[in-house]
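This structure is a prediction, so every number in the text was calculated from the model and none was measured. Atoms within a ligand are numbered from 1 in the order they appear, just like the ligands themselves.
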Amino acid sequence: MNSIVTVNNLDKSYGEKQVVKEISFEVKKGEILCFLGPNGAGKSTTINILCGILGYNAGEIKYKNEDIKHCLNKFKQNLGVVPQELCIYEDLSAEKNVQFFALLYGLKGKELEQRVTKTLDFVGLLERRKDKAKTFSGGMKRRLNIACAIAHEPELLIMDEPTVGIDPQSRNHILSSIKNLSKKGMTIIYTTHYMEEVEEISTRILIMDSGTIIAEGTKETLKQEIFDERRFILELEDDSNLNLDDFYHIEGIKKVENKQGKLTITALKNVENLDKIISTVIASNTKILNLFCQTASLENVFLSLTGKSLRD
Ligand SMILES: Nc1ncnc2c1ncn2[C@@H]1O[C@H](COP(=O)(O)OP(=O)(O)O)[C@@H](O)[C@H]1O
Ligand SMILES: [Mg+2]
């Protein structure tokens, strides 16, 4: 895959405090690259450096193999940014807001008008185009903020926590819009501390904590690398005939627990033993009411890497 942006050994300090610590990563064409990490991890700092809003102490950033310092204008022309803080004019209408930002990117005339309409429609605000931004809900303002960043159809869109504190409907709208933009070929960098969003939209994930990237991969590879176990949960009608020792004779079983008819079995992932588990339950004349298989979540991955929860 072609690399749009390459970052090598990026370093950023505020006074004595190093907040981004020699991180390196690539942004490949067409991906939805998610930075997942708790508050204070250094996501916004990294993103703001990429956008050229913040300087850095050491490291190298390349746009398509050219040092960004030598092609800043070309890079910015192809960039759309949705910052963590809203960046819209409250006293202007939705339409005027989008127009203003599109003008900055050089759109004009009929093309400008068409793009404004198309973009407002895309974010679901066409009917409110004449209304001032200050009359909008938090979620609508967020969608307007996104419209301002995409009207010029950038090659790379950077979004910094665009769904914090908004209603579920706007959140779903934003997440599905991102998937649509990606389908149309836009490359997207998305930061969040919500692992559900990463599960839903990411094609690749960089897990960030305390200024460093501690893991990288797709949601599947990250979970696989970290966990070689899976967990079966069987809900039983009556567990009185069950002998837990019987399960330990089955290959690949690591742990068996029974709490009030809820039998939890932890087993090695690469051993096929579900049929034996079920026949062992049935052999003890116990009826199975329900069966779940639990696999690792990204929250588990983060917990296992850092020893803390994403929402500490
Ligand atoms: N202007 C600043 N001056 C001093 N420290 C800052 C400044 N901006 C951010 N920081 C610190 O840098 C660290 C990373 O912050 P940030 O990049 O905003 O994290 P995130 O976006 O992951 O929540 C935090 O410890 C934060 O307090
Ligand atoms: Mg941030």
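Scanning the protein heavy atoms around atom 25 (O) of ligand 1, the nearest turns out to be K17 NZ, 2.9 Å. Taking atom 18 (O) of ligand 1 as the reference point, the nearest protein heavy-atom neighbour is S44 CB, 3.7 Å. Remark: minimum distance from atom 19 (O) of ligand 1 to any protein heavy atom is reached at G42 N, 3.1 Å. If you check which protein heavy atom lies closest to atom 5 (N) of ligand 1, you get Y14 CD1, 3.3 Å. Ranking the protein heavy atoms by distance from atom 20 (P) of ligand 1 puts G40 N, 3.5 Å first. Scanning all protein heavy atoms for the shortest distance to atom 17 (O) of ligand 1 gives T45 OG1, 2.5 Å. For atom 13 (C) of ligand 1, the closest heavy atom belonging to the protein is V19 CG1, 3.6 Å.
With F122 as the aromatic partner, K118 does not meet the cation-pi criteria of under 6.0 angstrom to the ring centre and within 45 degrees of the ring axis. With a 6.0 Å cutoff to the six-membered ring centre and a 45° limit on the axis angle, R231 does not count as a cation-pi contact of F292.
Heavy atoms of M208 found under 4.0 angstrom from ligand 1: none, in either backbone or side chain.
Counting only distances under 2.8 Å, and ignoring water, the protein N, O or S atoms around the Mg ion (ligand 2) are S44 OG, Q84 OE1.
With no hydrogens or angles considered, no side-chain donor-acceptor pair links Y190 and D160 at under 3.5 Å. Under the 3.5 Å distance criterion, with hydrogens and angles disregarded, a donor-acceptor pair is assigned to the side chains of S44 and Q84.
Comment: E95 does not engage R128 in a salt bridge, judged by the lack of any side-chain N to carboxylate O separation of less than 4.0 angstrom. Using a cut-off of 4.0 Å between Lys/Arg side-chain N and Asp/Glu carboxylate O, E200 and K179 are scored as salt-bridged. No salt bridge links K287 with D238; every basic N to acidic carboxylate O contact stays at or beyond 4.0 Å. Between K255 and E229 no salt bridge is recorded (no basic side-chain N to carboxylate O distance below 4.0 Å). Classification of K276 and E251 as a salt-bridged pair fails, no side-chain N sitting under 4.0 Å from a carboxylate O.
Looking at E216 and R204, their side chains come closer than 4.5 Å, going by heavy atoms from C-beta outward. For the pair I253 and I277, the minimum side-chain heavy-atom distance is below 4.5 Å.
For the ligand labelled ligand 1, residue P38 lies inside the 4.0 Å heavy-atom shell.
Ligand-side atoms of ligand 1 in range of A41: 19 (O), 20 (P), 22 (O), range being under 4.0 angstrom from any heavy atom. Interface atoms of ligand 1 facing N39, defined by a heavy-atom separation under 4.0 Å, are 23 (O).
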